[in-house]
Amino acid sequence: MNSHSNMHSTVHSLSGEMPQFFLGLFFILALVFYILAVVLSNKRYQPWPVKRTILWLFGVLFAAASLLGPLAERAHTNFTAHMVGHLLLGMLAPLLMALASPMALLLRTLPVAKARNLTRLLKSWPSRMYTHPVIASLLNIGGLWLLYTTPLYSLMHESMWIYVIIHFHIFVAGYLFTVSMIYIDPVSHRTPFLYRAIVLTIALAGHGILSKYIYAHPPVGVPQYQAELGSMLMYYGGDVIDCAIIFMLCLQWYRSTRPRATVSANSTAN
């Protein structure tokens, strides 16, 4: 309990200062640049879908809410609040922002030469590696196991830079995981639906097992009752967002088979 109190006192000095501002600024700029890209794109092409802009807006708001304001302040000393922030920053915000198709918007907005450079970058081996379902799952779920089963969770609240790096990783890993499972933006290296479904199932099982592990073995400095509430929130709240990913993956899979069925039916009729 003494170590927990010491951690809280250290955290209190950090709360509300540079770490939250640094991370929050990233998402504020992301919103500004997205809206600017929409304005520029609409001058040359058909209007960008409003629903995608709304998805990006809410994704940014949820991410910012986990880093700035009352929730972020409370998350420093309350594991349940921290877990709410994890769901917003690492799962819900990446899903909404992926559905906003930012790469497609960027390709529409950039000059032709720069758009071609971006396309080459998206086809490069680092891009192919980090958006591969297995690698993205290891970065996402594996990173969470490392955070909650080692002293890293406690260290995060003692070092400003560790705090920034971990929260940035949580968002980026969540985004890469999402775009590796459901293809909204243009993708040059698609993996089969069955392959993604298998990897997704294993990844979700790893997320669920981790939440149960946290329930029985709280991270360093976290009271048992907070760990129990936080782990249940992680388990059931994560399931809601996971169901959305599963639904969209299955919907894309279904739609990909419809043209074949139609062609087959027409050939049979002829």
Side-chain angles (χ1 to χ4, degrees), residues 30 34 37-38 41 45-46 48-49 51-56 59 90-144 169-207 238-267:
Y34 190 95
V38 170
S41 176
Y45 305 101
Q46 293 182 348
W48 183 252
K51 65 179 182 181
R52 290 187 177 179
T53 305
I54 294 174
L55 287 168
W56 187 266
M91 299 186 73
L92 184 56
L95 174 60
L96 296 176
M97 295 173 75
L99 293 176
S101 195
M103 289 298 105
L105 175 61
L106 189 56
L107 288 170
R108 281 184 19 143
T109 306
L110 291 174
V112 175
K114 292 184 178 180
R116 287 175 179 171
N117 291 335
L118 177 60
T119 300
R120 283 194 290 268
L121 178 62
L122 295 175
K123 292 180 179 180
S124 65
W125 71 264
S127 175
R128 294 170 65 93
M129 179 180 69
Y130 287 115
T131 56
H132 189 279
V134 172
I135 300 300
S137 297
L138 290 174
L139 289 173
N140 188 26
I141 309 302
L144 294 178
H169 171 85
I170 287 174
F171 170 76
V172 172
Y175 185 86
L176 291 175
F177 176 76
T178 303
V179 299
S180 73
M181 296 299 170
I182 53 174
Y183 296 150
I184 306 298
D185 274 316
V187 178
S188 61
H189 46 281
R190 295 173 177 265
T191 55
F193 283 102
L194 180 59
Y195 183 87
R196 281 180 277 156
I198 293 173
V199 176
L200 177 61
T201 301
I202 296 173
L204 299 188
H207 191 267
D239 278 353
V240 173
I241 302 172
D242 291 336
C243 284
I245 297 176
I246 294 171
F247 172 79
M248 281 178 276
L249 176 62
C250 292
L251 180 62
Q252 290 179 345
W253 196 346
Y254 169 74
R255 287 176 174 173
S256 72
T257 63
R258 283 194 304 174
R260 299 176 187 174
T262 302
V263 171
S264 178
N266 290 338
S267 61

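Keep in mind that the numbers below use all heavy atoms, side chains included, and drop hydrogens, waters and symmetry copies. Since the structure is predicted, the reported quantities are computational estimates derived from the model, not experimental observations. Here, residue 1 is the first one in the sequence, and each next residue gets the next number.
Atom OH of Y183 sits in a crowded spot, with more than 12 heavy atoms from other residues, nucleotides or ligands closer than 6.0 Å.
Residues S127 and H189 have side chains that never bring a donor and an acceptor to within less than 3.5 angstrom of each other. Y34 and T109 form no side-chain donor-acceptor contact under 3.5 Å, judged by distance and modelled atom types alone.
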For side chain to side chain contact (heavy atoms under 4.5 Å, CB included), just list the numbers for L55 and M97, CA-CA rounded to whole Å, side-chain angles, deciding distance to a tenth of an Å, and then say yes or no.
CA-CA 6 Å; L55 287 168; M97 295 173 75; over 6 Å; no

Trace of the side chain to side chain contact (heavy atoms under 4.5 Å, CB included) decision for R128 with L122:
CA-CA 7 Å; R128 294 170 65 93; L122 295 175; over 6 Å; no

Determine, stepwise, if the pair Q252 / R196 fulfils side chain to side chain contact (heavy atoms under 4.5 Å, CB included).
CA-CA 12 Å; Q252 290 179 345; R196 281 180 277 156; 4.2 Å; yes

Run the numbers on R116 and L110 for side chain to side chain contact (heavy atoms under 4.5 Å, CB included), then give the verdict.
CA-CA 9 Å; R116 287 175 179 171; L110 291 174; over 6 Å; no

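Between Y195 and H132, the ring planes lie perpendicular to each other; the angle is over 60°, past the 30° to 60° tilted range.
Contact of the Y175 side chain with the P102 side chain is registered, since non-hydrogen atoms from C-beta on lie closer than 4.5 Å. Considering only heavy atoms from C-beta on, W253 comes within 4.5 Å of L194 through its side chain. L92 has its side chain within reach of L96: a pair of non-hydrogen atoms, C-beta onward, lies under 4.5 Å apart. The closest side-chain heavy-atom distance from L105 to V38 is below 4.5 Å. By the 4.5 Å heavy-atom criterion applied to side chains, L200 and I246 are counted as neighbours.
To the nearest 0.5 Å, the span separating CG on L204 from CD1 on I241 amounts to 11.5 Å. To the nearest 0.5 Å, atoms CG (L107) and OG1 (T119) are separated by 5.0 Å. Atom CE of residue M248 and atom CD1 of residue I182 lie 4.0 Å apart, to the nearest 0.5 angstrom.
Contact between T178 and A98 at its shortest, heavy atoms only, is CG2-CB, 3.9 Å. Nearest heavy-atom pair, S256 versus F193, reported as atom, atom and distance to 0.1 Å: OG-CE1, 3.4 Å. Between A104 and D185, the closest heavy-atom pair is N-OD1, 2.8 Å. When every heavy atom of F177 is checked against every heavy atom of A203, the shortest pair comes out as CE1-CB, 3.7 Å. Minimum interatomic distance between R52 and L99 (heavy atoms only, all atoms of both residues): CG-O, 4.0 Å. Closest heavy-atom contact between A30 and W56: O-NE1, 3.2 Å.
Judged purely by atom type and a 3.5 angstrom limit, H169 uses its side chain to pair as donor or acceptor with the backbone of L139.
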